[in-house]
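Quick caveat, the model's predicted, so the values are computed rather than measured. These values consider heavy atoms only, across backbone and side chains, with no hydrogens, waters or symmetry-generated copies.
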Amino acid sequence: MRVTGVIIGAGIIGSAIAYELSRRGVSDLHVLDPDLEGALSSTERNAGGVRHLWQQPINVELSRTSIRLFETLKDEIGFNQSGYLWLFSEAKRENGDAIFAHTQKMGLKYEQFLPQEIQQKYPFLDKLDGVASGLFGTKDGLLNSNALKTYFRNEAKKKGVTFHDRRWVTDAHPKKGISPARVESYTADSPKQAESWLREPPTKDSFVSSPEVWEADFVILCAGAWSRPILLPMTKDPKVEPYRRQICLFKAEGFDMSPYGMVVDTSGVYFHPEGGNILAGLVLKNETSGFRFDYDTEFFESHVWPALYERSTQLERLKPVTGWGGLYSYTPDITGILGAIPEKPALFEAHGFTGHGIMHCYGAAVAISELILDGRYHSIDAACLSRERFTSGDPSKLLPETLHI
């Protein structure tokens, strides 16, 4: 099938790019995904927080551009700018001061609080021993990621974009070294089979039938945690790895957290109100890469509850409701990969955002759309996000991000 463009992956990044390209007049655009409903999608299994706070200026700009759009869609996507509160321990006092200075230099709306000011704004945080300061982002907040994805898709469909379900892409490459690009995909017999592909990605050799072939002026890889198996035929080192991240949901007896936003504790546990409950997560350092979606029953009791017990008397009596595992796609410097794939004409990529896809999605869509349609960046200069930063041999081109949840 000959088309203008193919997007591989219909998560929040792929859907945002479909929205932006269609807004700019690209109608013959096709989005291929194994599971449009998103049963195992990182978009569906995330915490829903969006913020401006980043070390790298490019990530600040991606968030700034995205949140600017979210502010115009508050009702459609449930965007609540309830703020982010980061707590810093005495041992990290200087780090907190440095991060606050960075926010001021970048022109971001952040305030620094002493412990007594933290308790005035968040009265339930009444165990602040060892807390040196807090950093509060007044323009940050929470949104419904599924509603945002649905908005992008619906707007794109109005302009002629077609979303194809149960499609697994095994290969994408330039046709005879030039444009157009060729994409090979297979269609699952059932949603169950498509889900099995997400849990254990198949290889091209796994299929006995012939693939459906698409030829496109451009192809964009936006498969998130599933980008690695698609990239392997193109490059020996895709620079992305999937890692499980766990989230739990629980109730706090006699406490309503709904008036507050995201809180990031000194322990690394982050938590926020979620539909009458409280949602929390934590980066576990001992995770190994792989396509894992299981939830450890001891995650809540061993990691989340002890940290919150030490922070608030309101969070001493907690009742677990449920929990789940989802995937983050990690790069060597914890920053996304975006740009043209080197030596692969007509192939582009936007993935590896390490769980930050929600807050970076529209900024990434604007940048990659400019590169494809205009041949250059002009609103957001995302050249530094190219995968060539990993192969240049120049460590200064890496974009390390330690502030990630």
Side-chain angles (χ1 to χ4, degrees), residues 1-22 26-44 149-150 152-157 159-175 179-199 201-204 206-207 209-234 238 240 291 327 329 341 344 346-352 357 361 364-365 368-369 372:
M1 181 183 297
R2 184 71 167 86
V3 300
T4 299
V6 169
I7 296 175
I8 304 171
I12 196 65
I13 297 291
S15 296
I17 293 173
Y19 164 81
E20 182 62 11
L21 284 171
S22 66
V26 181
S27 57
D28 187 19
L29 186 61
H30 296 260
V31 187
L32 313 181
D33 195 278
D35 177 25
L36 288 180
E37 290 298 316
L40 299 178
S41 169
S42 302
T43 302
E44 302 295 329
K149 181 186 70 177
T150 300
F152 284 143
R153 289 183 183 179
N154 288 343
E155 292 300 306
K157 289 175 183 177
K159 294 178 172 62
V161 177
T162 304
F163 288 78
H164 301 267
D165 198 11
R166 304 209 309 265
R167 306 298 175 92
W168 182 268
V169 173
T170 56
D171 196 11
H173 56 268
K175 186 180 179 183
S179 181
R182 174 187 170 97
V183 176
E184 297 180 6
S185 72
Y186 294 84
T187 303
D189 295 331
S190 65
K192 184 176 181 180
Q193 183 182 45
E195 182 177 323
S196 72
W197 292 347
L198 292 170
R199 291 183 180 277
T203 64
K204 191 174 183 178
S206 304
F207 300 96
S209 60
S210 298
E212 182 176 18
V213 176
W214 305 71
E215 291 186 356
D217 295 337
F218 61 84
V219 176
I220 313 171
L221 174 61
C222 309
W226 292 270
S227 295
R228 182 179 177 83
I230 299 172
L231 282 164
L232 279 172
M234 305 182 208
V240 287
F291 294 91
L327 296 180
S329 182
I341 299 180
K344 301 291 182 182
L347 297 186
F348 300 83
E349 58 187 335
H351 59 85
C361 62
I368 201 72
S369 297
I372 292 170

Taking the side chain as every heavy atom from C-beta outward, state whether Lys149 and Glu44 have any atom pair closer than 4.5 Å.
yes
Would you check if Tyr19 and Val161 make a side-chain contact, meaning some heavy-atom pair closer than 4.5 Å?
no
Distance check, rounded to the nearest 0.5 Å: Ile13 atom CD1 versus Glu349 atom CD?
12.5 Å
Inter-residue atom distance Ser185.OG - Arg166.CZ, 0.5 Å rounding
12.5 Å
Show the nearest heavy-atom pair for residues Thr187 and Trp197, with the distance to one decimal.
C-CH2, 3.8 Å
If you measure from NZ on Lys157 to CG on Asn154, what distance do you get to the nearest 0.5 Å?
5.5 Å
Any side-chain heavy atom of Arg167 within less than 4.5 Å of one from Trp214?
yes
Answer whether the closest heavy-atom distance between the side chains of Ile341 and Leu231 falls below 4.5 Å.
yes
Compare every heavy atom of Leu198 with every heavy atom of Pro201, then report the nearest pair and how far apart it is.
CD-O, 4.2 Å
Quick check: closest heavy atoms across Ser369 and Ala365, and the distance to 0.1 Å?
OG-O, 2.7 Å
OG (Ser42) and CD1 (Ile12) are apart, to the nearest 0.5 Å, by 11.5 Å
Shortest non-hydrogen contact from Val31 toward Ala18
CG2-CB, 4.0 Å
Who are the side chain to side chain donor-acceptor pair (under 3.5 Å) partners of Trp168, not counting sequence neighbours?
none
What distance do Ile368 atom CD1 and Phe348 atom CZ have between them, rounded to the nearest 0.5 Å?
6.5 Å
Flag, side chain of Thr162 to backbone of His30, donor-acceptor distance under 3.5 Å:
no
Are Pro233 and His173 close enough that some pair of their side-chain heavy atoms sits under 4.5 Å apart?
no
Please walk me through it: do Glu212 and Val169 pass side chain to side chain contact (heavy atoms under 4.5 Å, CB included)?
CA-CA 9 Å; Glu212 182 176 18; Val169 173; over 6 Å; no
Between Arg153 (side chain) and Ser15 (backbone), is there a donor-acceptor pair under 3.5 Å?
no
Nearest 0.5 angstrom please: Met1 CE to Asp28 CG, how far?
9.0 Å
Partner residues of Glu37 under the salt bridge (Lys or Arg N to Asp or Glu O under 4.0 Å) criterion, sequence neighbours left out
none
So, for Ala346 and Ala181, which heavy atoms are closest and what is the spacing to 0.1 Å?
CB-CB, 4.1 Å
Shortest non-hydrogen separation from Leu347 to Pro174 and the atoms involved
CD1-CD, 4.0 Å
Are Val219 and Leu221 side-chain neighbours, meaning at least one heavy-atom pair lies under 4.5 Å?
no
Under the criterion side chain to side chain contact (heavy atoms under 4.5 Å, CB included), I'd like the reasoning laid out for Arg199 against Leu40: C-alpha separation, chi angles, the key distance, then a yes or no.
CA-CA 8 Å; Arg199 291 183 180 277; Leu40 299 178; 3.6 Å; yes
Is there a side-chain contact between Phe218 and Leu29 in this structure, where contact means two heavy atoms from C-beta onward sitting under 4.5 Å apart?
yes
Okay, side chain of Asp165, backbone of Leu36: is any donor-acceptor separation there less than 3.5 Å?
yes
Dump the intermediate steps for side chain to side chain contact (heavy atoms under 4.5 Å, CB included) on Leu21 and Ile220, then the final yes or no.
CA-CA 11 Å; Leu21 284 171; Ile220 313 171; 3.8 Å; yes
Any side-chain heavy-atom pair of Ser27 and Lys159 under 4.5 Å:
no
Output, in order, the C-alpha distance, side-chain angles, deciding distance and verdict of side chain to side chain contact (heavy atoms under 4.5 Å, CB included) for Phe163 and Asp33.
CA-CA 8 Å; Phe163 288 78; Asp33 195 278; over 6 Å; no
